[in-house]
Amino acid sequence: MTRWILICLVAAPMAAAQELPYSPEATEACLAKAILPSEDEACIGTSAQLCIDTPDGYTTVGMGFCLGHERDYWDARLNAAYGQLMEIEKSVDDEMTKLGSSVPSSVEALRNMQRAWITFRDSACAYERVQWGGGSGGGPAVANCQMVMTGQQALRLEYRLEEKLVR
């Protein structure tokens, strides 16, 4: 009997979180209106907040669901920008090799920067978790940290991509 109660207690919040209305539309609308980079960054979390502002969104599971979905949205943008930048940097490296240049590899620099950023993000968000002293707010704090930092990095890579495409 105890096992059944435990299953119900775990499954009920998960089912509620799956029913939460998450859509990236509010974030995308905010970005469409933004002119300055600082305005773009202010859009990070817009859709997650709308999701959290629903009746089930203020639970720990609900917040994790909403924040996690927006983090995934930003992660997809980050990966798309990174992939496009990597292709451009490969072309730059090829051109530099043809010219006989000894400049460091753009591909290696981009890859190393991104790997270091991932380590930094994970460490920064682990630090956010410990601020909650093991309390239930630690999970949403980590999800929020990951969402914000991933959004910032996605925008940073998109800005760099835009600069490269304009040249």
| field | Y22 side chain near L50 side chain, heavy-atom distance below 4.5 Å | value | no

| message | Taking the basic N atoms (NZ, or NE/NH1/NH2) and the acidic carboxylate oxygens, is any pair closer than 4.0 Å for E89 and K164? | response | yes

| query | Any side-chain heavy atom of R77 within less than 4.5 Å of one from L31? | reply | yes

| said: Determine whether the aromatic ring centres of residues Y73 and H69 are separated by less than 6.0 angstrom. | reply: no

| request: Using a 4.5 Å cut-off on heavy atoms from C-beta on, say whether the side chain of M113 contacts that of L157. | output: yes

| field | Transitive ILVMFWY side-chain link W74 to L78, under 4.5 Å | value | no

| said: Is there a continuous path of hydrophobic side-chain contacts, each under 4.5 Å between heavy atoms, that joins I44 to F120? | reply: no

| said: Taking OH in Y159 as the centre, count heavy atoms belonging to other residues, nucleotides or ligands within less than 6.0 Å. Is the count above 12? | reply: yes

| said: Are M63 and V142 linked, directly or through intermediate hydrophobic residues, by side-chain heavy-atom contacts shorter than 4.5 Å (ILVMFWY only)? | reply: no

| Are the side chain of S101 and the backbone of T97 linked by a donor-acceptor contact shorter than 3.5 Å? | no

| Is there a donor in the side chain of T150 and an acceptor in the side chain of D75, or the other way round, less than 3.5 Å apart? | no

| Do E70 and T27 meet the criterion of a side-chain donor-acceptor pair at a distance under 3.5 Å? | yes

| request: Evaluate the side-chain proximity of I118 to Q114: yes if any heavy-atom separation is below 4.5 Å, no if none is. | output: yes

| request: With the side chain counted from C-beta on, respond yes when Q152 and E41 share a heavy-atom pair under 4.5 Å apart, and no when they do not. | output: yes

| Under 4.5 Å between side-chain heavy atoms, hopping through other hydrophobics if needed: is there a path connecting Y58 to F65? | yes

| request: Give the cluster check for L155 versus M149: same hydrophobic cluster or not, with ILVMFWY residues linked at side-chain heavy-atom distances below 4.5 Å. | output: no

| field | Basic-acidic side-chain contact under 4.0 Å: R111, E108 | value | no

| What do you reckon, is CD of E39 surrounded by more than 12 foreign heavy atoms closer than 6.0 Å? | yes

| message | Rounded to the nearest 0.5 Å, what separates atom SG in C43 from atom CD in E28? | response | 10.5 Å

